[in-house]
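Since the structure comes first, as structure tokens, the remarks are kept for the end.
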Amino acid sequence: MRFAAIADVHGNHLALEAVLADIEALGISEIVNLGDCLSGPLEAGKAADRLMSLDALTVRGNHDRYLIESPADAMPSWEQHAYGQLSAAHLDWLRSLPFSAVWRDEVYLCHATPGHDETYWLESVSPDGHVFLKPLEEIEALAEGVEQPLILCGHSHVPRMVRLSDGRLIVNPGSVGCPGYSDDTPYEHKVETGHPLASYCIIEKTASGFAPQFRTVAYDHMAMSRLARENGRPDWAGALATGWVR
């Protein structure tokens, strides 16, 4: 078993194409997608067309949910620009996505955690906005009831893996299309990778267990940065250009 895990494309069509080209160059044909596919001030329609063309098991992220649950005039800012690019077929595809899924009996997929699509699984946020690795006991508590040996999640955009006490492995492949952002839940904070590259993960099952390989791919990130600025989002423009939120 050798496959690719992608997450948090956020409408970044150029980053998605670069990652898919890298996956193809590695001779990998199977992909799973951990959600938050389209929201952002970029190219949601193009990203939707490309993702729908893939034979990839995809789970729904919180921003995917916002696009199908929120009234158009009351959508959060990340959704407003994307929604205007989406067709009825795109929205139907989002509605068809499951909250979680099991792939090949051994891999559990969700966007954030098994119980909630807006909760970081591997990270905590302090009241002063510091983002840090969650204690193992808290990570394991969120994994109760998940039987699969490999658990995949996204949401935080931070490439990371944690091995649980019983040997199960949780992997976040990082974000294909959004290397930095700010949020106010549970406290005001920033998530910053410090680089503008597209992130994803290759996972292989070996005789010793699952072996993730985190990968980064260069693409024309400045084109996406300029587009975000043209669409009135200087915060996105900065993050796409540098991986920092300023």
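This structure is a prediction, so every number in the text was calculated from the model and none was measured.
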task = Considering only Ile, Leu, Val, Met, Phe, Trp and Tyr, and joining two whenever side-chain heavy atoms are under 4.5 Å apart, list the other residues clustered with Val245.
result = none
query = Which pairs count as salt bridge (Lys or Arg N to Asp or Glu O under 4.0 Å) when at least one residue sits in residues 157-169, sequence neighbours excluded?
reply = Glu123-Arg160, Asp166-Arg168
request  = Would you mind listing every salt bridge (Lys or Arg N to Asp or Glu O under 4.0 Å) that reaches into residues 223-233, with sequence neighbours excluded?
outcome  = Arg233-Asp235
note = Quick note, side-chain hydrogen bond (donor to acceptor under 3.5 Å, both in side chains) partners involving residues 47-59, not counting sequence neighbours, are Glu17-Arg50, Asp49-His90, Arg50-Ser53
inquiry  = Tell me which pairs pass salt bridge (Lys or Arg N to Asp or Glu O under 4.0 Å) where either residue lies in residues 69-89, with sequence neighbours left out.
reply    = Arg65-Glu69
key: Of all pairs that satisfy ring pair (Phe, Tyr, Trp, His ring centres under 6.0 Å), the ones with a partner from residues 118-153, not counting sequence neighbours   = Tyr120-His155, Tyr120-His189, His130-Phe132
message = Which residues pass the ring pair (Phe, Tyr, Trp, His ring centres under 6.0 Å) test with Trp93, not counting sequence neighbours?
response = none
key: Summary of ring pair (Phe, Tyr, Trp, His ring centres under 6.0 Å) pairs that have at least one residue in residues 210-246, sequence neighbours excluded   = Trp78-Trp236
request  = For residues 132-146, pull every pair meeting side-chain hydrogen bond (donor to acceptor under 3.5 Å, both in side chains), keeping only residues two or more places apart or in separate chains.
outcome  = Glu140-Ser165
query = Distance only, no hydrogens: is a donor on one side chain within 3.5 Å (strictly under) of an acceptor on the other, for His157 and Asp8?
reply = yes
task = Kindly state each residue pair satisfying salt bridge (Lys or Arg N to Asp or Glu O under 4.0 Å) with at least one member in residues 178-192, sequence neighbours excluded.
result = Glu192-Arg246
request  = Output all residues satisfying side-chain hydrogen bond (donor to acceptor under 3.5 Å, both in side chains) with Arg95, sequence neighbours left out; order by chain, then residue number.
outcome  = Asp92
query = By ring pair (Phe, Tyr, Trp, His ring centres under 6.0 Å), which residues pair with Tyr83, not counting sequence neighbours?
reply = none
